[in-house]
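Note that the structure is a prediction, hence the values are computed from the model and not measured. Reminder, nothing fancy here: chain letters follow the sequence lines and each chain counts from 1.
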Amino acid sequence: MPELPEVETVKRSLLTNIGAKFMVIKINHPAVLRRQDFKPEELCGKKIKSIERRGKYLILSATSQRNLVVHLGMSGRFFMLGVQEQLQEPHIHAEIVLDNQRKLLYQDARRFGGLWLVKDLASFFRRMGKEPLGEDFNAVYLAEVIKNRKIAIKSLLLNQSLIAGIGNIYADEALFQAGILPSRPAGTLSNEEIIRLSRSIKDVLQMGIEQRGTTFRDYRDGNNETGNNQNNLQVYGRKNLPCPVCGKLICCDRIGGRSSHYCEHCQL
DNA sequence: CTGGATTCCTGCTTGC
DNA sequence: TGCAAGCAGGAATCCA
């Protein structure tokens with residue numbers, strides 16, 4: 001499940017394509033094109049000006065307000081190949097040939113992800129929450145969005161309009177590191193807990209980036225290579241395995257419809 | 001506004 | 001062994 005660290009890793013691995021021109025845009029599965037402010041062909045001949053990330057979205061910007069926005073959903077991959085290379089793989093929904101002897105492939109078995117052709121990025125992202133690795137995401141901001149909320153803190157962390165980029169894996173990991181149960185009503189967190197949580201969010205995301213993302217099953221970076229952070233997870237996916245801190249078995253409950261992993265001894 | 005449920009989709013896992 | 005049911009989840013949408 002590509003979350004902030006995975007999308008950041010894809011972004012970084014694709015940066016060498018900045019300056020290349022779009023040559024051919026082929027949409028094999030039209031349903032993945034979620035918004036079309038302009039025709040795909042209008043990208044052709046234009047240079048990739050920048051490759052950025054916002055939350056879990058990847059943004060390839062060309063000149064004159066022509067932006068290709070990618071969301072990987074659950075099982076999406078966005079990676080490059082040599083222009084002559086052939087892959088015998090299913091679910092390649094879009095292919096983008098560049099003028100640097102490379103092509104970019106968008107592959108997504110479950111099709112929860114998609115592509116957007118966007119002119120006005122500010123408008124497109126107007127409902128996105130703060131970037132959790134930004135300086136303006138801190139305990140003060142977290143306290144502000146938590147205030148008086150009854151929702152489980154885990155569910156609040158997944159709300160992209162409050163904090164952009166946290167998904168199920170890093171939410172569970174951040175709450176474990178902060179020693180807070182995922183089911184705790186957000187408004188019941190103490191100031192100390194809010195400070196710990198704001199730090200642990202940054203910590204687990206930063207670690208995820210350093211490890212080039214978490215590959216549970218589908219995730220690949222822009223070179224179609226797996227990440228390493230699955231080896232660092234303390235609780236996610238470790239149901240009935242010993243807690244790395246106290247040795248008690250990790251629990252797994254559903255919170256807000258999401259599987260949630262925690263240690264009932266270490267988290268309060 | 002808030003929070004919960006539902007929907008989309010495929011492929012892996014589970015159980016009979 | 002084979003098949004069907006269960007499960008996984010990001011975000012939009014709907015409803016109370």
Side-chain angles (χ1 to χ4, degrees), chain A residues 1-8 10 28-36 53-59 69-78 88-94 106-116 118 123-132 144-175 182-189 201 205 208 213-220 226-227 229-230 233 235-241 250-262:
Chain A
M1 315 110 225
E3 307 178 24
L4 185 154
E6 287 72 38
V7 182
E8 179 66 22
V10 172
N28 301 324
H29 197 307
V32 305
L33 198 49
R34 304 297 186 83
R35 170 169 170 166
Q36 200 175 315
R53 179 193 58 75
R54 180 79 172 90
K56 301 175 196 172
Y57 291 86
L58 185 68
I59 309 157
V69 177
V70 182
H71 194 295
L72 301 176
M74 269 286 293
S75 54
R77 297 170 179 169
F78 192 72
Q88 295 305 319
E89 288 212 30
H91 312 300
I92 306 287
H93 302 316
Y106 174 68
Q107 179 183 32
D108 185 6
R110 268 161 277 189
R111 272 184 277 139
F112 275 28
L115 305 177
W116 290 253
V118 177
S123 165
F124 186 76
F125 289 115
R126 71 190 180 285
R127 294 184 194 284
M128 282 255 104
K130 280 201 198 300
E131 284 292 325
E144 185 186 313
V145 299
I146 274 178
K147 198 179 172 190
N148 297 330
R149 298 291 295 268
K150 297 190 174 80
I151 195 173
I153 184 63
K154 159 79 180 273
S155 301
L156 183 138
L157 295 183
L158 296 176
N159 184 339
Q160 303 299 300
S161 67
L162 301 177
I163 312 167
I166 300 176
N168 208 35
I169 296 174
Y170 295 96
D172 282 1
E173 293 295 311
L175 286 164
S183 55
R184 279 274 297 283
T188 68
L189 268 63
I201 287 168
L205 294 174
T214 301
T215 298
F216 230 75
R217 173 165 302 158
D218 298 308
Y219 168 70
R220 300 291 184 279
T226 59
N229 199 53
Q230 59 278 9
L233 300 180
V235 287
Y236 185 86
R238 304 193 70 248
K239 182 183 182 181
N240 290 334
L241 292 172
I250 297 299
C251 304
C252 181
D253 291 342
R254 295 192 79 75
I255 295 169
R258 299 283 172 260
S259 64
S260 302
H261 308 75
Y262 62 94

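Applying the 4.0 Å criterion to OP1 and OP2 of B:dT10, one finds that A:R111 has a side-chain N or O inside that range. Between A:H91 and B:dG11 there is a side-chain N or O to OP1 or OP2 distance below 4.0 Å.
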Checklist entry - For every nucleotide of nucleotides 9-16 of chain C, 5' to 3': is a protein heavy atom under 4.0 Å from its base (B), only from its sugar-phosphate (S), or from neither (-)? => result BBBS----
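With rounding to whole Å, A:D253 atom CG is found 14 Å from C:dC7 atom P. Taking atom CZ on A:R217 and atom C1' on B:dG11, their separation rounds to 7 Å, with Å as the unit. Computed from coordinates, the A:I92 CD1 to B:dT10 P distance equals 15 Å when rounded to whole Å. Distance A:K154 NZ to B:dG3 P: 16 Å, rounded to the nearest Å. Between A:R149 atom CZ and B:dT2 atom P the separation is 5 Å, expressed in whole Å.
Although no hydrogens or angles enter the test, the distance criterion places a donor-acceptor pair under 3.5 Å between the side chain of A:Q230 and the main chain of A:T215. Between the side chain of A:Q36 and the backbone N or O of A:W116 there is no donor-acceptor pair closer than 3.5 Å.
Scanning for side chain to side chain donor-acceptor pair (under 3.5 Å) contacts around A:R35 gives A:D37, with sequence neighbours left out. With sequence neighbours left out, the salt bridge (charged side-chain N to carboxylate O under 4.0 Å, His left out) criterion links A:R220 to no other residue.
Residues A:S183 and A:Y262 have side chains that never bring a donor and an acceptor to within less than 3.5 angstrom of each other. Side chain to side chain, A:R34 and A:H71 fail the donor-acceptor criterion of an N or O pair below 3.5 Å.
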